[in-house]
Number of protein chains: 2
Amino acid sequence: MLGISKSTVSRALAGRSDIHPETKRKILDLASQLQYEPNTLAINLKQQKTNTIGVIVPETINRFFARAIGGIQKQADMAGMNVMICQSNESYIAEKKNLHSLVSSRVDGIIVSISTETDRSDHFVSLTEKGIPLVFFDRVFEDIVASQVVTNNYEIAMEGTEHLIKQGCKRIAFVTGPEHLFNSRSRLSGYLDALRKHNVQVKDSYIVHSHYRSDKVEEYTRYLLNLPQRPDAIFAINDYAALEMIHIMKKSGLRIPQDVAVLGFNNENLCRFVEPSLSSIDHPAHDIGASAAEILINHIRHQDLKPEKRVIKSNLIIRESTEVK
Amino acid sequence: MLGISKSTVSRALAGRSDIHPETKRKILDLASQLQYEPNTLAINLKQQKTNTIGVIVPETINRFFARAIGGIQKQADMAGMNVMICQSNESYIAEKKNLHSLVSSRVDGIIVSISTETDRSDHFVSLTEKGIPLVFFDRVFEDIVASQVVTNNYEIAMEGTEHLIKQGCKRIAFVTGPEHLFNSRSRLSGYLDALRKHNVQVKDSYIVHSHYRSDKVEEYTRYLLNLPQRPDAIFAINDYAALEMIHIMKKSGLRIPQDVAVLGFNNENLCRFVEPSLSSIDHPAHDIGASAAEILINHIRHQDLKPEKRVIKSNLIIRESTEVK
DNA sequence: TTGAAAGCGCTAACAG
DNA sequence: CTGTTAGCGCTTTCAA
């Protein structure tokens, strides 16, 4: 329309300096008048990169992951990158599909927190071969050679358990994720070592492997309550589960924390507002996500970096639900 | 590597029938051996479509939107389409940016729930001109010519308010979103009409326009409690806000629901587990999202369809927090 | 049943 | 400062 070649137009739109101001103005004016939108597909195809970070999480409805994504987005925004989010819905198959989809979309790097079903890492090794940077967070593989961001699961589980022991609890139930997940195992070790350290008897029946599914809470709560030796403390898998457990126990006439102390996980806002207020583990989701993104972006920009492992500290937050005395 | 032209390879990979089975097998074998991943960018560029639905929501950390996205994803999966999620973070500027980004990415259609800041619709009209299908949900524009999915905000606000009146409440506070949002206004009208219908005095001081920000709850709660005529009921903006309000009021020595009845919004799981259990409005987020996606996909497939408006019914769920008697 | 060639919208040498 | 040209990886006529 202006009788100008497309290279010049391209230069104007890209904001280059090697162009006559007048020409540039004319192009920009017409572009905005025509409501021109550059075709990202074509740009990305040409550039062989997409400026996009792919993310695979189990479920965005889970607030931990929602907050982690917030942290990822923030870092991505700062770096001028986009984020593409996929949910595995805790399914190994879906996770694999997501991965293919992200690779096909040619994202520049991928951040993953694996599904509960995922018990092997083969689908991720090909990424490394293809040179696509990869960072795991929270739910990671123990052995794989890749960057990862985790919290001090072992230590915090130990600290939480010791706190319960100090409150005088002797029969401490522990609800955690599936055994094959590394962070579940770390937490379990922390719990077990705390018991052993303080000479508290370990009982397998007090250990519940949940699948992070909210529809199972009632079932395992009843199981715990019906044990011949009912627990006098529960270390829950997350705050929502803790809340539901407390509700069920109260209905059974149990007092919290006098009869059963309850320790949550994640330190959601609601912890402060429920009754009794809920002790919990502050799990810095936003920071974890941000760290993962930071590492990934670094690896995208400098292909030769070594995998990095970062540990973010969780904190025990004590409230009424574990104040037995 | 096979001495076969790329057209033939393309045919094999696309699963066409006009190809020799033997050739096809060889191609597919080699492809999987090489871990070949088709370049979605190139395919989309060529096809002039991306099989992708763009979504703009205020915040995915908000459970309503997280669940709505779940509904969108489900429909998209069924239709073999992808979903690209953007967050406006309740900012008008970010919303505009998201929109440009989605258009540049050449998504086939867009689903939007507008930010609290958004008080005009100019940035959306160009979409219609470009022939990009557009569906709004929950937070919609009243006047724009586009498909939309909403709930019966007016009726449900009326029903909730009438329920409180029937409990004997006379000074009913109402917390809602910003005035320029259509659904806030609808709810407010429902509330006002319910009061008038039952000859309950309308007091402006009982109406709070919040911005869906959790950090303002304490402030407006104190404001309401310090009114010369303290409210005896509160219709809250969502369940989390309701929970926090209840917490603050309990600390002030008020009994719920005897002194102040509280009605939440969204019917989160936690409503059943808190004390007193929380009455709420069941707001079918998943269905709303699914409907929006269904309409959008229809419009993508049949460009000539007229805009469709769909209303999904919310339901009043009565629990202890409003059972005054 | 297969191949050659054009083109999707853009960028980036290179030449002028 | 601007235009020409080639090419990113794919699909799709058209011809053989």
Side-chain angles (χ1 to χ4, degrees), chain A residues 1-52 54 80-82 84 100-108 130-132 300, chain B residues 1-52 54 80-82 84 100-108 130-132 300:
Chain A
M1 289 175 66
L2 257 32
I4 294 173
S5 82
K6 59 177 181 167
S7 354
T8 306
V9 174
S10 172
R11 276 186 275 256
L13 262 22
R16 293 268 196 54
S17 54
D18 56 345
I19 183 170
H20 194 92
E22 175 69 4
T23 321
K24 184 170 172 180
R25 195 190 49 71
K26 278 199 284 189
I27 293 172
L28 259 35
D29 282 359
L30 185 60
S32 79
Q33 188 194 315
L34 296 176
Q35 308 222 51
Y36 169 82
E37 298 275 1
N39 186 325
T40 308
L41 296 170
I43 296 173
N44 291 345
L45 177 60
K46 176 68 193 177
Q47 311 282 34
Q48 299 289 73
K49 63 174 184 133
T50 53
N51 249 300
T52 300
M81 300 196 72
N82 295 106
M84 197 171 219
H100 285 297
S101 154
L102 290 177
V103 172
S104 277
S105 297
R106 298 295 189 267
V107 294
D108 298 338
K130 287 194 182 113
I132 302 176
I300 289 172
Chain B
M1 289 175 68
L2 257 32
I4 294 174
S5 82
K6 59 176 180 168
S7 347
T8 306
V9 173
S10 171
R11 275 186 275 257
L13 262 22
R16 292 270 194 52
S17 55
D18 55 345
I19 182 169
H20 193 92
E22 174 69 4
T23 322
K24 185 171 173 179
R25 195 191 48 70
K26 279 200 282 188
I27 293 171
L28 260 35
D29 282 359
L30 186 59
S32 78
Q33 189 196 312
L34 296 176
Q35 308 222 51
Y36 169 81
E37 298 276 1
N39 186 323
T40 308
L41 295 169
I43 296 174
N44 291 344
L45 177 61
K46 176 69 192 178
Q47 310 281 36
Q48 299 288 76
K49 64 177 184 129
T50 52
N51 250 301
T52 300
M81 300 195 73
N82 296 105
M84 196 170 222
H100 285 297
S101 154
L102 291 176
V103 172
S104 277
S105 297
R106 297 296 189 266
V107 294
D108 298 339
K130 287 194 183 113
I132 302 175
I300 289 172

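Given the structure is predicted, the values throughout are model-derived calculations rather than measurements. Letters A, B, ... are given to chains in the order of the sequence lines, protein chains preceding strands, and every chain is numbered from 1.
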TODO: Measure from the side-chain heavy atoms of B/S5 and tell me the nearest of D/dG7, C/dA4, C/dA12.
DONE: C/dA4

Open item on the list: If you only use heavy atoms from C-beta on, which nucleotide in D/dC10, C/dG3, C/dC10 is closest to the side chain of B/T8?
Closed with: C/dG3

How many Å lie between [atom1] on [X] and [atom2] on [N], as a whole number?
X	N	atom1	atom2	value
B/K6	C/dG3	NZ	P	13 Å
B/K46	D/dC8	NZ	C1'	14 Å
B/L13	D/dG9	CG	P	15 Å
A/Q47	D/dC8	CD	P	14 Å
B/I4	C/dG3	CD1	P	7 Å
A/R16	D/dT2	CZ	P	13 Å
A/L45	C/dT11	CG	P	12 Å

So which atom in [X] and which in [Y] form the shortest heavy-atom distance, rounded to 0.1 Å?
X	Y	answer
A/L102	A/M84	CD2-SD, 3.9 Å
B/A12	B/L28	O-CD1, 3.9 Å
A/I4	A/T23	CD1-CG2, 3.6 Å
A/T40	B/S105	OG1-N, 3.7 Å

Task: Contact list for DNA chain D against residues 34-44 of chain A - heavy-atom distance below 4.0 Å - done: none

Open item on the list: Can you pull out the residues from residues 17-27 of chain B that lie within a 4.0 Å heavy-atom distance of DNA chain D?
Closed with: none

Below 3.5 Å, can you tabulate the donor-acceptor pairs from side chains in residues 13-20 of chain A to any protein atom, sequence neighbours excluded?
none

Quick one: is [N] close enough that its OP1 or OP2 comes under 4.0 Å of any side-chain N or O from [X]?
X	N	value
B/S10	D/dC10	no
B/R106	C/dG9	no
A/Q48	D/dG9	yes

TODO: Check whether any side-chain heavy atom of B/M81 lies under 4.5 Å from a side-chain heavy atom of B/I300, and answer yes or no.
DONE: yes

Open item on the list: Is any side-chain heavy atom of A/S101 closer than 4.5 Å to one of B/N82?
Closed with: yes

Open item on the list: So, using salt bridge (charged side-chain N to carboxylate O under 4.0 Å, His left out) as the criterion, who are the partners of A/R25 when residues are at least two apart?
Closed with: A/E22, A/D29

Who are the side-chain contact (heavy atoms from CB on, under 4.5 Å) partners of [X], not counting sequence neighbours?
X	value
B/Q35	A/S126, A/E129, A/K130
B/N39	A/L45, A/R106, B/L41, B/A42
B/Q47	B/I43, B/K49

Open item on the list: Has A/S104 got a side-chain atom pairing as donor or acceptor with B/P38's backbone, closer than 3.5 angstrom?
Closed with: yes

TODO: Apply side-chain hydrogen bond (donor to acceptor under 3.5 Å, both in side chains) to B/T8 and list each qualifying residue two or more places apart in sequence or on a separate chain.
DONE: B/S5

Task: B/D108: side-chain hydrogen bond (donor to acceptor under 3.5 Å, both in side chains) partners, not counting sequence neighbours - done: B/T50

Open item on the list: Using five base pairs at each end to define the local axes, how bent is the helix from C/dT1-D/dA16 to C/dG16-D/dC1, to the nearest 10°?
Closed with: 40°

Just the atom pairs and distances: protein N or O near nucleotides 13-16 of chain D's N or O, under 3.5 Å.
none

